[in-house]
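Reviewing the structure listed below.
For reference, positions follow the sequence shown, starting with 1. As the structure is a prediction and not an experimental result, all values here were calculated from the model. Ligands are counted one by one from 1 in listed order, and the atoms in each one are counted from 1 as well.
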Amino acid sequence: MTKHAAFPSQDVVTAVAAPAPAGPHFSTFAPQLKGAAALDCKKHARLHVDPAATGVAVGGSWLETMKSSSPRSTTADGENGDWMVRAHPRPGLAEHRAVLFSIFFSARGEIDRWIRGSRPAGLPHLQEKHPSALAQFKEALGAAKGMKAVVFLDYDGTLSPIVADPDRAFMSDEMRDAVRRVAEQFPTAIVSGRSKDKVFEFVKLTELYYAGSHGMDIEGPAKQSNHVQANAEAVRYQAGSEFLPVIEEVYHTLTARMEPIAGAMVENNKYCLSVHFRNVQEEEWELVNEEVRSVLKEYTDLKLTHGRMVLEIRPSIKWDKGKALEFLLSSLGYAGRDDVFPIYIGDDRTDEDAFKVLRGMGQGIGILVSKFPKETAASYSLRDPAEVMEFLDKLAKSKQGDGGAATMAI
Ligand SMILES: O=P(O)(O)OC[C@H]1O[C@H](O[C@H]2O[C@H](CO)[C@@H](O)[C@H](O)[C@H]2O)[C@H](O)[C@@H](O)[C@@H]1O
């Protein structure tokens with residue numbers, strides 16, 4: 001195996017190069033190639049790589065995966081524009097291959113459905129439409145009428161635009177007001193890869209639940225609200241606290257290893273770490289990967305996933321944003337009830353765990369924030385944080401009755 005093969009070489013292919021049409025966003029999705037490439041067993045034994053979270057592996061190289069994971073830069077005003085265009089100014093072999101895969105499999109899906117009148121086996125949700133949750137607001141929330149809504153919001157790329165400096169990913173006051181208005185109507189949680197305290201510093205709303213470190217550190221709400229009784233204790237849960245010392249240790253080691261690489265940065269998210277390479281020269285991405293892997297070789301109970309221009313290191317425990325969603329629903333007394341309608345909005349691969357939980361429940365909706373087609377378990381889409389804000393504004397106006405019933409009136 002070459003030194004590029006740090007990630008499973010091609011577990012999933014994503015249509016990275018097909019631009020989203022205006023209006024309803026996603027029409028067809030690229031396929032999941034089950035078993036197309038097995039993990040290198042030796043390496044897998046040493047370092048857990050979560051295929052579900054690694055996502056875009058076009059063409060088999062982790063480097064290509066990294067290249068297609070997110071925009072590198074932002075526009076002057078800090079808002080991420082059409083990052084599809086910036087991420088792929090000149091399509092290379094991998095991008096062409098992705099387009100061909102996309103065309104081939106979408107054609108295959110159409111033919112298959114035409115012949116059999118059904119969705120191709122093994123390709124769940126990939127051929128479905130993922131319309132705009134704004135354009136189809138009534139359809140999206142029609143099933144929620146009379147049900148109790150609960151709102152889950154990712155932070156980076158959902159409430160705040162993607163920016164070059166992770167410490168400056170501020171949300172606007174308008175967005176904060178929109179979230180506040182939603183939280184007045186429905187129980188609302190922020191579910192983020194950031195540490196709970198860090199994401200709270202950005203959001204600053206005490207009436208919310210916070211699930212930081214990819215859901216491993218949950219707390220809230222600090223302030224009484226329509227949905228929390230005066231005498232109710234705040235929810236608190238930590239998954240994987242036994243890993244805190246090891247995470248701290250790896251943080252220091254990685255910080256030292258990244259020091260000579262211009263632009264590399266390690267963010268301590270308490271229960272997990274983020275190694276950012278957005279500001280690293282592309283020629284040095286491989287070095288970032290090698291350094292991270294060489295450190296993690298010593299830590300068999302940590303796993304490596306990746307997000308938008310970031311490598312993420314977390315404990316190998318079965319806890320993720322989906323588990324956090326289930327935990328919070330249960331804390332609200334909503335577990336197993338069929339009159340509950342969770343709404344989860346997120347832009348990242350880690351949000352897919354929550355989208356999958358909603359699919360499994362058969363209740364609520366997952367909304368992917370993205371300007372271009374991606375393989376996703378979400379059912380609807382929004383293009384960017386500006387659209388998220390518009391959606392939240394509409395959502396806040398859709399409550400029926402009062403007294404904490406928080407049912408929808410679509
Ligand atoms: O779950 P999230 O709230 O979406 O957090 C995921 C990661 O978000 C942050 O990184 C991303 O946003 C940065 C600021 O826009 C950007 O510079 C970076 O390239 C993105 O990956 C955060 O810094 C990470 O720790 C989170 O894991």
Note to self: Give the atom numbers and elements of ligand 1 that come within less than 4.0 Å of a heavy atom of Ala164.
What the structure shows: 17 (O)
Item checked: Side chain, backbone, both or neither: Asp351 near ligand 1, heavy atoms under 4.0 Å -> neither
Check: Would you call Glu267 and Arg194 a salt bridge, using N to O less than 4.0 angstrom?
Finding: yes
Notebook entry, point to check: For Asp301 and Ser316, does a side-chain donor sit closer than 3.5 Å to a side-chain acceptor?
Noted result: no
Checklist line | Pi-cation contact, Phe200 with Lys198 (under 6.0 Å, within 45°) | finding: no
Notebook entry, point to check: Any idea which of Asp347, Leu311, Thr305, Val163 brings a heavy atom closest to atom 17 (O) of ligand 1?
Noted result: Val163
Check: Does Lys321 have a heavy atom less than 4.0 Å from any atom of ligand 1?
Finding: yes
Margin query: Does Arg257 form a side-chain hydrogen bond (donor to acceptor under 3.5 Å, both in side chains) with Ser294? I'd like the steps, not just the answer.
Written below: CA-CA 10 Å; Arg257 294 282 193 105; Ser294 93; 2.8 Å; yes
Item checked: Numbered atoms of ligand 1 (with element) below 4.0 Å of Tyr155, judged on heavy atoms -> 3 (O)
Check: Going by an N to O cut-off under 4.0 Å, is there a salt bridge joining Asp154 and Lys321?
Finding: yes
Next item on the list: Would you please determine whether Gly346 falls within less than 4.0 Å of ligand 1 on a heavy-atom basis?
Entry: no
Next item on the list: Within a distance under 4.0 Å of any heavy atom of Ser274, pick out the atoms of ligand 1 and give their elements.
Entry: 24 (C), 25 (O), 26 (C), 27 (O)
Check: Are Lys196 and Tyr210 in a cation-pi setup, meaning NZ or CZ lies under 6.0 angstrom from the ring centre and within 45 degrees of the ring axis?
Finding: no
Checklist line | Closest to atom 4 (O) of ligand 1 (judged by heavy-atom distance), picking from Thr350, Val191, Val266, Asp154 | finding: Asp154
Margin query: List ligand 1 atoms under 4.0 Å from Ser192, heavy atoms only on the residue side.
Written below: 1 (O), 2 (P), 3 (O), 5 (O)
Next item on the list: Please identify which atoms of ligand 1 are closer than 4.0 Å to at least one heavy atom of Val310.
Entry: 21 (O)
Notebook entry, point to check: Would Glu249 and Tyr299 count as having a side-chain donor-acceptor pair, cut-off 3.5 Å?
Noted result: yes
Notebook entry, point to check: Taking both backbone and side-chain atoms of Arg308, is any N or O found less than 3.5 Å from an N or O belonging to ligand 1?
Noted result: yes
Next item on the list: Answer yes when Lys323 and Asp320 have at least one side-chain N-carboxylate O distance shorter than 4.0 Å, and no when they do not.
Entry: no
Checklist line | Glu267 neighbourhood, listing ligand 1 atoms whose heavy-atom distance to it stays under 4.0 Å | finding: 22 (C), 23 (O), 24 (C), 25 (O)
Item checked: Contact atoms of ligand 1, heavy-atom distance to Pro161 under 4.0 Å -> 15 (O)
Note to self: Salt bridge check, Asp347 against Arg308: does any charged N sit closer than 4.0 Å to a carboxylate O?
What the structure shows: yes
